[in-house]
Every structure is written in C-alpha cells, then in structure tokens.
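Encoded as structure tokens, the structure appears first; notes follow it.
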Amino acid sequence: MQLQLIAFVLIIWNSMDYTGCQPHSSSRHRQHKVMSGASSGCQQGGCLTCSDYNGCLSCKPRLFMHLERIGMKQIGVCMTSCPPGFYGTRSPERNTCTKCRSECDSCFNKNFCTRCRAGFYLHLGKCLDTCPVGMVHSDAQRECVTRCSAECESCVNSDTCTQCRQGLYQLNGRCYSICPDDYEPNDKLMECTLQVHCEVGEWSEWSACSRSGRTCGFKRGQETRTRQVLQYPSPFGNPCPGISEFKECLVKKRKCLGEPQKKTNRKDRRNRNNRKDKESQEGRRERKRERDRDRGVGEREDSDNRNKTEHRHRRGHDSQTVSPEDGLTQ
C-alpha cells in the first residue's frame, strides 16, 4: 500500500511543467487557487513567465519580484513597489525585493531605515535602542528627538516647539504665558492668534426728515444715516463704533394725504371740549357775580338794621334823662 502511494506521488511530481505559462488541468488549477489565492501565480498580470504552482518566475520590465510565504511554500509575485519591511534592488537580470534589517520596520536600503520597529528609535537612518546624548526618544514617532525646553511638551528641536505645556500658548514655535502685542490667546487652540479689529464702511446719505415713520403732519422730526460693518472684531480686538446717527430737523407742517377721518373727529371733540370749558368758565364767573350781589344786599340790610337799633337806643336814653329844673317844676 505504501509503495502504491509513493508511486502515485512520483507520477504527480513528474507531470509538473515549468516551461511556460500554459494552464494545466482544471483540477490542478483549482488546487493552485486554494493554495496561493487569486493575487499570485499565473493569475497575476505582471508575470513574464510563471508556474501555476510556484507563481511568477520572472516579471515584466520595471516590476519587482517579491516572494510571498504561504505556509511552507513561497509564491513569486510581481509588484510595482516593495511592501513594508522590504526595499527594492534593480539589476540587469532582475529586480527583487530584499528584506530590511531586523530592527527596521521600513527602509530605503539595507543601511538606511525610514521607520523602526517597536523598542527602537530612528536617528540618521539607524534604528537605535538608546538615543544619543542631548536627545530623547519619542515613543509615538519611534524617533530620537532633540530635548525640548522646559515650557515645551513636544518640539522639533530645542528652538521650535510644536506643543506647549498646559496653560501656555504657542506662536511660531515658541510658548508664551501672555501673548505678544497685536496677538490674543485662543483657549480652544492654545495658540496666540492675530487680533482682528472692527472695520466699518462709509456713511450713507441723510434720510428725509421723518417722525414716527411719517414724513408729514409735523414740524420737528429726525434725519438718520447708517453705515455697514465690514469686519467684525475678534474677542480682544477694537469694538465697532456706532453704525447709525440721528439729528433734529424742521420742516413746514403739511397735511398728510389720505389722513383717516378719525383725526378730524378728534379735532372736533377737542374743539367741543374747549367750548365746554369756556361755557363752564363763564358759568362760574356768573355765579360768582350773583354771590357777590347777594352778599352786597345782605350787608346793606345788616347795616340798616344796625342803624335802626342804634337809633332806638339813643331815643330811649334821651327820654330817660331828666334835668333837675324839669323835676322841680313838676
């Protein structure tokens, strides 16, 4: 039984053809798809020569040959650029993708890394486990960066901050607790931004003289002129001046056309009220004169009564007074 199995394997192995890109049997083709996928082998358009089992054997001009590992086998793939962790090398015979150094995540060539793996930090194309003196490592960038000044959270170099510490504002690579002149703090961005001052346009012409929205039926009114705001200020910029002005005006009073009848009725009522006031004033004056006349008659009667009383008193006194001579005669 084992001999039959070995013979069967040898027959299959000898039947493989590596001389061109001619497709093999449909069963062999389906087996290749399962093992290598649709992106490799003879299914890929970049192959110049290929094997249905081993993929591309050579690539078209300017393409790179890259070996993809699938399980225990490698499949040739033709690519326009090498994947991360590999760099391309060109030669007259073929262009190939070569693996970067173990500490490099990506590289330009075998001696120049462009990004390092975790635990290493890039400096001048090298991936180092510790940074040189005067520099510190950045875990986010995986690079050795210049030691920042005390007020910087992160920096490009010792003179250029990219982020300031809490409570400070960034401007042109420097950190400030108080922004320079002509700048103001932006608490949202934590930056010093340029102040913006209000700008207004020219005054309009003075409007017609009006009062309560009308241009007739009055002598004194107002004229108005306005101007538009061209640029609103920032929070610390110069505020906008007044955008409207008023001045008093005098016009010849003229009747408004189509004035409601209610106005005339009001005037008539006012005239009637005036007449009533005059009549009431005349009535009051007449009543006063009557009171004065009554008061004068009463006073004269009182005077006559007093005169009569005095006269009677005098007559009584005269009759009671008798001289001594008259008494003797009697």
Legend entry - For Glu103, salt bridge (Lys or Arg N to Asp or Glu O under 4.0 Å) partners two or more places apart: Arg101
Legend entry - Under the side chain to side chain contact (heavy atoms under 4.5 Å, CB included) test, residues paired with Arg147 that sit two or more places apart: Val136
Inset, instruction - Output every pair passing ring pair (Phe, Tyr, Trp, His ring centres under 6.0 Å) with a member in residues 142-164, not counting sequence neighbours, ordered by first then second residue. - result: none
Inset, instruction - Could you pull out all residues at least two apart from Arg165 that satisfy salt bridge (Lys or Arg N to Asp or Glu O under 4.0 Å)? - result: Glu153
Legend entry - Residue pairs, two or more places apart or on separate chains, that pass ring pair (Phe, Tyr, Trp, His ring centres under 6.0 Å) and touch residues 85-126: His66-Phe86, Tyr121-His137
Legend entry - Pairs satisfying ring pair (Phe, Tyr, Trp, His ring centres under 6.0 Å), at least one member in residues 184-237, at least two apart: none
Legend entry - Partner set under side chain to side chain donor-acceptor pair (under 3.5 Å) for Thr215, not counting sequence neighbours: none
Inset, instruction - State whether the SG distance for the cysteine pair Cys144/Cys131 is less than 2.5 Å. - result: yes
Legend entry - All side chain to side chain donor-acceptor pair (under 3.5 Å) counterparts of Glu191, not counting sequence neighbours: none
Inset, instruction - Go through the structure and list residues passing salt bridge (Lys or Arg N to Asp or Glu O under 4.0 Å) with Arg115, not counting sequence neighbours. - result: Asp105
Using a 3.5 Å cut-off and no angle test, enumerate the donor-acceptor pairs between side-chain atoms of residues 240-252 and protein atoms at least two apart in sequence or in another chain.
residue	atom	partner	partner atom	Å
Glu245	OE1	Arg225	NE	2.9
Glu245	OE1	Arg225	NH2	2.8

Give the table of side-chain donor-acceptor pairs shorter than 3.5 Å for residues 56-64, with sequence neighbours excluded, one pair per line with atom names and distance.
residue	atom	partner	partner atom	Å
Ser58	OG	Thr49	N	3.2
Ser58	OG	Thr49	OG1	2.5
Lys60	NZ	Gly45	O	3.1

Inset, instruction - Give every residue pair that meets the ring pair (Phe, Tyr, Trp, His ring centres under 6.0 Å) criterion with at least one member in residues 163-184, sequence neighbours excluded. - result: none
Inset, instruction - Assess the cysteine pair Cys152 / Cys175: is their SG-SG separation shorter than 2.5 Å? - result: no
